[in-house]
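A short write-up of the structure that comes next.
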Amino acid sequence: MVKFGFALNPSSRIDLDKTDREKFAQLVELEPDVLKCMACGSCTASCTAGKFTPTSVRSAILEIQNGRWQQALDMLKGCLLCGKCTMVCPRAINTRHLILAINEVYQSGK
Amino acid sequence: MKNIVVIGGGPAGLEASAQLHRLGYNVILVEKSPQLGGHLAKWDRLFPSGIPAKDVLEKMVSQINGVKYFLEANVQSINLLHKSYNVILNNGITVLADAVLFTTGFDLFPAQKKEEYGYGIYEKVITNADLENWFKTKKDNRVTENPKRIGFVHCVGSRDEKAGNRYCSKVCCATAVKQACEIKQEFPDVEVFCFYMDLRMFGRGYEDMYLSAQKDYGVRFIRGRVSEVAENINKELIVKAEDTLSGKPIKVTLDLLVLMSGMQNCSEGTKVAHQLGIANAGNDGFFETKDAIYSQQHSTREGIFFAGACTGPKTLPDSLSEARAAAIEIHNYVKGIR
Amino acid sequence: MIYQGKQKIWSDYQKEIPDDHYFYVRSCIRQNLFPASEKTFLDITRNKLGKDFFETEHHTTCGGIAYHCDTIPQETSMTIIARQFALMQKYGYENYVCSCITSFGLYTETLETWREFPELEARIKENLWKTCKLEFAKPKYLAHASDIIYKYRNLIAAQAKYKLINRHTGKPLRVVEHIGCHYGKMFPSKSVGGAEYPYVLAGMIEAWGGEVIDYPERRHCCGYGFRQYHIRSNRGYSLANTYKKFESMEPYKPDMIITNCPGCPYFLDRWQYVISEMEGKTYGENGHGIPVFTYEEVAGLVMGYNPWDLGLQMHQIGPEPVLDKIGIPYDPQAKYLL
Amino acid sequence: MRERILGGYDDFVLPFMTGMAFILIYLFIGLIRIFRHMPAQDRTRFFKSLLSPSIMLKNAKDIVNDCLLHVKIFKRNILLGYMHASIALGWFMLIVIGHIEVALYVPQRNGILYYPVFFRYFVKQEGALTLKGSFFFFLMDFFLLIVLSGIGLAIYKRFRSRALGMRRTTRPCLADRIALACLWSIFPLRLLAESFTAGIAGGSFLTKPMHWLFSNFLSNDLHILPTWWAYSIALGVFFLALPFSRYMHIPTEAFLIMLRNAGIKASHPRKGFAEAEIYSCSSCGLCIDACPMNVNKRNLKYSSVYMIRFLRRRNEKKTKAIADKCLMCGKCVAVCPVGVESCNLKRAHRATRYNTLQYNYSYLGNGSHPAHAHADTQDTPDILYFAGCMTHLTPSIIKSMEEIFKLSGSKYVFADKDGGVCCGRPLLLAGKEDAAREVIARNSQLIQTSGCSKVVLSCPICLKVLKEEYKLQGIELLHHTQFINSLIKEGKIKVKDGGESLVYHNPCELGRGCGIYKEPQEILQQVGELRKGEYEGKESICCGGSLGSLTLSYEERGKITQGSLNALTGCNPHKIITACPLCLKTFAEKSPVPVMDIAQIVKENIYTNTYETYSL
């Protein structure tokens, strides 16, 4: 093959056609609160781990909805389950269980 | 008996006519189309609780017994004679009116003006009004059975300087959320996406409606304006937007795209207002009221009054309240009460 | 796709194109990439259609590439442009036509900027006087060369020897039209057909018997993007854009691509080779690419020019499949004999 | 007294013997299973405990108190206690005396399992009644009467449980019903059998008159054998049904006590120690009334007793639902008469699912920490103040504590001034044990190397895990209630009575979790008029905000909060005082009266200058 010195850039675009609806349905069954997020960011702002890492429940929910669950898992790795986000969530989302449920459904390519 | 001319037979016109009639005036209601009710007559159900539009309209129409109304009528000319207005209609009728009330309402933004959304070009692009009509009649070839994905674009022709309308049309967010839920009721397996810039859920019960759309109907809200729509070889729509919350471009293939056309001032009404020199003092195309807070029902001219969406986007209850307020203001004016 | 909807938009974006007497300026890069295109343009307009197109060897680049690569400031490019206008004035022309889309975009941008900021125009006048001792007048009319061919499309069709029809099947050739970004996207009103559904090339294709293909990524950039290509480390991004377009048009199985920009045919042509090397993927028939043409080349082909006189041997993707389909005779032996 | 039936055998003993053999084999296998599934160090620990006289003494005491006398139940309700104690102690004494009689009168039959049970059938009374004989006759009849009175109460309870202090109880399963029917019939049948036999074998105040009564209209001798058969069958069936019924706790509870006294804790939700706990659950249902979730009746099915029932039946789905729902407030553990630590079982169950979930806490070691600001210098403060994550959502506590530190002249360093790191308890509660260990290890090192000798904490959740898991050498751990109380006692701060009536909400993690009850009371008595809530001390109920529950919804939590507030405000206090940031935040949302942390009320009622001190 010819060496061009550059390669096709991967697309950063999110393709919603390719999201896994079945997996998301599993998550909704485990923790229906995932649907309630209105992206206010309170969770991220109060996050204990978020001070050191990009931990953000809000973003993780978004990534899951966008089919980028690996990013969501990475984002939640630093979570200490301390529950501050649950306390501050205006939509009363059970964030701690949601985090566990996201891990349960999406971890290790289950 | 004093004559009051009400221009526009939509909800505000009907309600104001009924109230003025009850106050003892001779009300002449002028409606350009062959039926009363304005946009309400074309709507299926109303947010936030889903009351059938038909029920509301029937109630309103039942209140105007005794009001003279002319359908398919236009105001051909209107001018001031001493203290009253000489109004000549295209059907040959002339009225010397002691006061004139504009309830000319709004036109829906012509969605084809947002060329990139392809309304009128792509088969599966419809507007909020088209969808309401489908809810009502279940007749529209563009809405096919068992769609997989449906999108709603908020702010079509609103908050858009390029489209000529910088203002927010106020009701489209709530309408979109309502329609998103209704379409889920029709097609439970469909994935619904709402593309919004801000969700303006200002009214009582609206936020609950939004929560329910998320929680009970699983509607996905994507914060980002649709930038362009294209059709693929299967006649499905490819929609591009940015998911501004993740800062990533997003693409989705849809079976139907609903454009939430905003409100702009009624062009017919504007023509009439031009004759009086009261049209469009504001830069948004809506009629300018005497002041922005205290005298919402007054025009800048004596004896000319406004109610409803001709002075800016309004919800139905807003318009009805204004109609009632206008009736009182006209009563005070005619009686010389200051 | 609703054709009537597009016609409605096209009718909204009709620009007036004077019939004759133009001052013609060439593109910097086309003479290297597609050397016969500009020659063909002048030959068709002057000799076949008998129009007055003047050109002078004294004109220079417009500075567009340097401007878009951020290597010269806007004032510099404006002064260069002012000099071109001075030349036009000197030779007694009022209608200015350029071969390059980048130039067309920059000329339009300059004229619009001067309209908004007359003080800038005054400064450029001063600059031009200081540097060249020249004075300029703005052209009365500015066109892109493809506007001219669009204008003459029916005249050309009347003289045509061939049609864009597959002689084996009798069906129209499936043609992808690609419009340079700077043609209409910046100032839609300055283009034929607007920015969303430009008609300039589609009109030619229709007039010459082909079928226009509207595919999802039709609006997308060819991938050139100036600095995206000029810096090698950015070329992967340039390539990715082209790749996206081809992936999108693939299902439509186009026979050919027509473009109206200097860079686009080059990148759509050469990147197909690079994609086939990198990804092992080709988009045309029998493992070949999709042949890419300039509109002058296609005009020349339908008018019966010898393909090799049109410079088609300079293409990376051989034009032979298209020539075979249309039924244009060519001597394979003579391809590389100059 | 001498043997009546030669060979000492009759066919009617067969049902009893079958049941007995079955249950003994079952128990033996169970015992082996439990030992096999136990981690090796736990096994060693158990056998070592058998050699320790102090533990053995405690075992004996606990077994008598819990298994025979049922002291805990007596404390809850006298009638309920009597019911349990009468049956257990009575039955036990019948067995013991039976054996003594065999040893005394027919020593050649020693060691035959059924002989003491059916003693009266196999012997006959000869000659005049001796004092010794009549003594045993009396004892046997006496304890039989005791048992029968207990059975009577039990039957009464089945229909009117409220009379015995139980509002809700469990629904018995089929095996339970069979065993129960047997249990109810065993002793009446024994009474009948012994009464019919009393003419031959003798009897006392119960059996003799019965014999006389029956002899008026029945030919007693004809009924002897059938009643002994029935008695034997009832016993046999009871033993057969036992492993499948709630009455399995009768043989297993003593073993559980021994395991527990050896210091063993559940490391698996179903195996080893857990199995001993599961079989020791008597399904009494006391935990149903105790559970704060049950303010919402829909949640009855999430009580600990059902968790154990489903664990026993290996119903994974239902076990999971209950394990994840539990608030971990520990009240069910506090009231459990058997002492089943169901919260640990739930934690262990969560661990089976969540412990393997990935985590990455490598960031925890990054950056400097305020705890080390003074570590290298001479003026290391004694006190490390650790507010905790939740306390950062209730800054009023932090401000009050800072003020108290200042006014008392305490030198301290604020460990998590800029937000800090979680203590690890929420991870433990969620079953992410390995993750928790990592956090604990990192935090331990931080605290250990800070050079402080005291850690004062505002959050009881942190306190509990620091106490139980951190293993901090030579560092005293104090909740701020304890710290404030000591300041008051040492005269470092002076507080006044603010003249308001207060009610104290005892946070689960502070009270049941850390055993701190006294200090908050002592403080509050000085700053206001302390009133009593509906539930005090160990009995206090969760505020609803607990981090323990994973799946409880906000609405359900709201009902718990409301229930808890109702119980607190019954005494019409001016203020509710608590000592946990989570309780404070949870209550503050819904409370009709102001809610404050104990630090806040102390700060409000502290003498801030000398003038004020002397003016009073």
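Proteins get letters first, then strands, A, B, ... in listed order; numbering begins at 1 in each.
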The interface call for B/Glu242 against chain A, heavy-atom contacts under 4.5 Å, is neither
Please check if the side chain of A/Asp17 supplies one atom and the backbone of B/Thr253 the other of a donor-acceptor pair under 3.5 Å. yes
Segment of A/Ser12 engaging chain B (4.5 angstrom heavy-atom cut-off): both
Side chain / backbone / both / neither for A/Asp33 at chain B, heavy atoms under 4.5 Å: neither
If you count the non-hydrogen atoms of other residues, nucleotides and ligands that lie under 6.0 Å from NZ in B/Lys162, is the total more than 12? no
Quick one: closest heavy-atom pair of B/Gly218 and A/Leu35, and the distance? CA-CD2, 4.2 Å
Between A/Asn66 and B/Ser246, which heavy-atom pair has the shortest distance, and what is it? ND2-OG, 3.8 Å
Chain A heavy atoms under 4.5 Å from B/Leu254: which part of the residue, side chain, backbone, both or neither? neither
Quick one, B/Tyr210 and A/Met38 - any side-chain contact, counting heavy atoms below 4.5 Å? yes
Counting C-beta onward and ignoring hydrogens, is there a side-chain heavy-atom pair between A/Leu16 and B/Lys251 closer than 4.5 Å? no
Between B/Arg220, B/Arg149, B/Lys240, the one whose heavy-atom pairs under 4.5 Å with chain A are most numerous: B/Arg220
Residue selection (most heavy-atom pairs with chain B, distance under 4.5 Å) from A/Arg68, A/Gln71, A/Glu63: A/Arg68
Looking at B/Arg166, I'd like to know if its CZ atom is crowded, meaning that more than 12 non-hydrogen atoms belonging to other residues, nucleotides or ligands lie closer than 6.0 Å. no
Under a 4.5 Å heavy-atom cut-off, does chain A meet the side chain of B/Asp216, its backbone, both or neither? neither
Within the side chain of B/Gln214, is there an N or O that forms a donor-acceptor pair under 3.5 Å with the backbone of A/Cys37? yes
Determine whether more than 12 heavy atoms belonging to other residues, nucleotides or ligands lie under 6.0 Å from atom CD of A/Glu22. no
Do A/Arg13 and B/Lys248 come within less than 4.5 Å of each other through their side chains, counting heavy atoms only? no
Are more than 12 heavy atoms, taken from residues, nucleotides or ligands other than B/Lys136, located less than 6.0 Å from that residue's NZ atom? yes
Using a cut-off of 6.0 Å, state whether more than 12 heavy atoms not belonging to B/Asn141 lie near its atom CG. no
Do A/Ile14 and B/Pro249 have side chains that get closer than 4.5 Å, going by heavy atoms? no
